[in-house]
Amino acid sequence: MRVKLLLKDAHVEGIRYYDTYRKQGGYAAVEKALKMTPEAIVEEVKKSGLRGRGGAGFPTGMKWSFIAKPEGIPRHLVCNADESEPGTFKDRYLMEFIPHLLIEGLIISSFALGSNATYIYIRGEYAWIPDILEQAIVEAKAHGFLGKNILGSGFDCEIYVQRGAGAYICGEETALIESLEGKRGNPRIKPPFPAVKGVWDRPTVVNNVETLSAVVPIINLGGEEYAKIGVGRSTGTKLISACGNINKPGVYEIDMTISVEEFIYSDEYCGGIANGKRLKACIPGGSSVPILPANLLLKTAKGETRYMNYESLSDGGFATGSMMGSGGFIVYDEDQCVVRNTYTLARFYRHESCGQCSPCREGTGWMEKILKNIDSGKGKMSDIDLLWDIQRKIEGNTICPLGDAAAWPVAAAIRHFRDEFEWHVLNPEECLRRNYGLAHYADAREVVA
Amino acid sequence: MEFSQDKLKKVDEIIARYPEGKQKSALLPVLHLAQEQFGWLSAETMDYVASLLKIEPIEVYEVATFYSMYNLKPVGKYMFEVCQTGPCMIKGSDDIVAYIGEKLGIKPGQTTGDGLFTLKTVECLGACGYAPMMQMGKFYKEHLTKEKVDAIIEECRKNAAVNN
Ligand SMILES: Cc1cc2nc3c(=O)[nH]c(=O)nc-3n(C[C@H](O)[C@H](O)[C@H](O)COP(=O)(O)O)c2cc1C
Ligand code: SF4
Ligand code: FES
């Protein structure tokens with residue numbers, strides 16, 4: 001068995017409730033942390049090497065140390081539970097089944113940052129989860145872990161749950177802040193950064209659900225011990241939500257030393273490709289990161305084993321690598337059509353663009369239209385180059401990274417599967433029949449597991 | 001047009017979560033409450049919400065039109081919101097949408113004549129590992145098959161008959 005920190009008690013009956021959670025050692029980290037100074041907690045988080053689990057992978061301790069502390073102005077911690085990146089459903093799992101872990105992490109983090117009012121911003125569609133979180137908050141409060149003068153430390157803290165209402169862009173931290181203020185989710189131009197001017201113009205830290213939950217084992221173990229788990233700058237454990245054509249879709253906690261091959265084929269994790277099919281491709285870190293064909297997924301371009309960690313997944317850059325991203329691991333078998341898949345993702349980004357910047361607003365719609373044409377047998381060869389041009393013009397030219405997130409999947413699909421796009425143009429009748437002739441592509445990329 | 005006593009109390013509770021004068025922050029939660037009570041957000045409802053929060057009606061319209069969960073038109077008693085993004089698509093969401101549409105005689109975006117069902121396609125709902133799936137009211141229906149869809153529709157019809 002590999003080390004588990006976040007999900008170690010996930011299968012204990014009743015872990016959703018305070019009594020069981022407490023019996024399993026819950027809230028010991030709060031007791032420990034409140035005897036430390038806020039600075040010492042930030043120091044432990046720095047030592048742990050924890051990187052943001054929301055997608056960007058920014059070092060959490062460093063982020064915390066940037067928060068401005070102007071005299072007399074309250075600061076806020078905001079938990080990003082917007083989880084809307086296609087392929088990603090790990091935060092939901094944590095909140096739904098082990099809500100107290102997040103609440104415990106939030107209390108410690110609020111103390112470290114000096115937030116007396118902390119908000120969990122959760123995507124509106126997860127409509128049943130606020131009840132679970134609020135129940136946990138009530139329980140924590142009843143036992144003196146929230147509210148006034150927590151455990152006699154003099155620290156006051158309240159946690160509130162706020163629902164979004166259907167907008168992927170509100171996962172971007174400045175859009176989330178706008179939304180929390182009761183506005184449209186239009187990302188702000190940075191600087192100023194939230195750490196200086198966030199919600200209600202107050203210094204604000206926005207962190208992902210998994211990031212804040214990981215603070216609990218960091219305090220329990222100590223930053224140095226936590227950093228010994230994993231490899232290099234990929235410390236600790238990471239939740240991966242696995243979906244697509246695998247035998248065992250679900251949420252897995254990995255220590256970041258396992259190979260991609262083991263993750264896909266081992267019975268402890270995905271359990272191999274479903275229905276005896278072969279692996280064709282995978283998007284390893286949520287829809288925004290580059291898709292990789294099987295050969296580049298299991299081995300790097302240099303022929304080395306690829307591992308499930310930040311460095312190894314991005315080995316080769318965007319030419320031959322991808323990213324850890326949010327940990328949304330989407331697996332495609334040999335029957336799946338990359339063009340059609342890319343079309344659905346382009347439609348997603350067009351739907352979710354907030355519309356503030358023209359390259360993103362116009363570009364996402366244009367890419368969707370072209371991809372729809374190619375997918376339905378109405379494409380031209382020149383469309384493929386046109387798509388390539390459009391995505392290049394979006395990337396790097398927008399206020400927030402949603403533009404890049406829309407461009408990268410298209411770029412990677414063309415880079416690695418250009419022959420498939422051409423096949424669609426050359427065989428319009430066949431694509432209308434949804435007979436993509438894919439055995440050919442799978443053979444060419446077959447990897448023996 | 002007025003919230004129930006329960007809801008009015010809830011509104012006060014929500015406003016109390018924010019600093020003085022920042023009651024506009026309550027807008028998204030209060031719109032959810034409004035939709036819960038009235039089913040959809042009419043101009044009249046939005047004006048009422050504006051008056052409750054002491055903000056301009058335009059500030060409410062701006063927000064209500066931005067977020068996909070707010071219904072700006074009446075919808076059926078049961079709304080089937082089927083996810084159609086990549087991970088659900090490769091697990092057969094297109095077939096599920098087509099099957100529901102055929103069964104109810106409506107296209108995505110439409111409501112049945114008896115006002116019972118609305119069919120909608122939506123983008124990723126964070127249930128990709130349990131695909132194909134849809135949202136129905138507050139909850140998700142996952143691992144959908146044609147048989148499961150039949151059973152869900154059957155149950156909705158039964159519940160509607162009991163409630164009438
Ligand atoms: C378009 C877009 C969507 C995002 N969605 C999410 C999300 O759903 N959840 C999340 O935690 N971070 C999301 N992020 C990243 C946040 O902006 C931010 O980096 C993150 O919440 C920081 O927390 P972390 O450092 O703990 O990862 C998104 C970013 C972008 C550009
Ligand atoms: S890149 Fe797209 S989503 Fe981001 S601010 Fe610009 S238009 Fe909005
Ligand atoms: S793609 Fe359907 S729930 Fe994510």
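These values consider heavy atoms only, across backbone and side chains, with no hydrogens, waters or symmetry-generated copies. Naming convention: chains lettered A, B, ... in sequence-line order (proteins, then strands); numbering from 1 in each chain.
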Is the CD atom of Gln37(B) crowded by more than 12 outside heavy atoms at less than 6.0 Å?
yes

Who in residues 7-20 of chain B is close to chain A, using a strict under-4.5 Å heavy-atom cut-off?
Arg17(B), Tyr18(B), Pro19(B)

Which atom pair, heavy atoms only, marks the closest approach of Glu210(A) to Lys90(A)?
OE1-NZ, 2.9 Å

Under 4.5 Å from any heavy atom of chain B, what part of Asp131(A) do you find: side chain, backbone, both or neither?
side chain

Judged by atom type as modelled, is there a donor-acceptor pair below 3.5 Å linking the side chain of Thr204(A) to the main-chain atoms of Arg202(A)?
yes

Show every donor-acceptor pair shorter than 3.5 Å between a side-chain atom in residues 86-106 of chain B and any protein atom, with sequence neighbours excluded, or say none if there are none.
residue: Lys91(B); atom: NZ; partner: Gly244(A); partner atom: O; Å: 3.4
residue: Ser93(B); atom: OG; partner: Cys88(B); partner atom: O; Å: 3.4
residue: Ser93(B); atom: OG; partner: Met89(B); partner atom: N; Å: 3.3
residue: Asp94(B); atom: OD2; partner: Arg340(A); partner atom: NH2; Å: 2.4
residue: Tyr99(B); atom: OH; partner: Asp150(B); partner atom: OD1; Å: 2.6
residue: Tyr99(B); atom: OH; partner: Asp150(B); partner atom: OD2; Å: 3.1
residue: Lys103(B); atom: NZ; partner: Asp150(B); partner atom: OD1; Å: 2.8

Under 4.5 Å from any heavy atom of chain B - which part of Val199(A):
neither

Select, from Gly355(A), Cys354(A), Ala127(A), the one with the greatest count of heavy-atom pairs under 4.5 Å involving chain B.
Ala127(A)

Is there a donor-acceptor pair closer than 3.5 Å between any side-chain N or O of Ser115(A) and the backbone N or O of His76(A)?
no

Does the side chain of Thr118(A) come under 3.5 Å of the side chain of Ser110(A) through a donor N or O and an acceptor N or O?
yes

Among the listed options His32(B), Lys22(B), Gln135(B), the residue most often paired with chain A at heavy-atom distances under 4.5 Å
His32(B)

Sequence neighbours left out, what passes side chain to side chain donor-acceptor pair (under 3.5 Å) with Tyr343(A)? Give chain and number order.
none

Residue, of Ser287(A), Ala167(A), Gly185(A), Ser241(A), that accumulates the most heavy atom pairs under 4.5 Å with chain B:
Gly185(A)

Side chain / backbone / both / neither for Tyr160(A) at chain B, heavy atoms under 4.5 Å
side chain

Which atoms of Gln84(B) come close to chain A, meaning under 4.5 Å heavy atom to heavy atom: side chain ones, backbone ones, both, or neither?
both

Where does the angle between the aromatic ring planes of Tyr349(A) and Tyr168(A) fall among parallel (under 30°), tilted (30 to 60°) and perpendicular (over 60°)?
perpendicular

Is the shortest distance from a Lys or Arg side-chain nitrogen in Glu178(A) or Lys183(A) to a carboxylate oxygen in the other one below 4.0 Å?
yes

Which of residues 51-65 of chain B have a heavy atom under 4.5 Å from any heavy atom of chain A?
Glu62(B), Val63(B), Thr65(B)

Answer yes or no for Arg123(A) and Tyr126(A): cation-pi contact, defined as NZ/CZ to six-membered ring centre under 6.0 Å and angle to ring axis within 45°.
yes

In terms of side-chain heavy atoms, does Trp200(A) have a donor or acceptor partner in Ser25(B) at a distance below 3.5 Å?
yes

For Thr88(A) and Cys128(B), work out which heavy atoms get closest and say how close.
N-SG, 4.1 Å

Under 4.5 Å from any heavy atom of chain B, what part of Arg92(A) do you find: side chain, backbone, both or neither?
side chain

Looking at Glu158(A) and Lys141(A), is any side-chain nitrogen of the basic one under 4.0 Å from a carboxylate oxygen of the acidic one?
yes

Under a 4.5 Å heavy-atom cut-off, does chain B meet the side chain of Ile169(A), its backbone, both or neither?
side chain

Ion pair Asp335(A)/Lys277(A), N-O distance below 4.0 Å
yes

Based on non-hydrogen pairs under 4.5 Å, which of Pro249(A), Ala165(A), Gly166(A), Ser84(A) is most in contact with chain B?
Ala165(A)

Can the ring centroids of Trp128(A) and Tyr140(B) be said to lie less than 6.0 angstrom from one another?
yes

Structural part of Ala127(B) lying under 4.5 Å from a heavy atom of chain A:
both

Can you tell me which of Gly328(A), Pro74(A), Ser179(A) forms the most heavy-atom pairs within a distance under 4.5 Å of chain B?
Ser179(A)

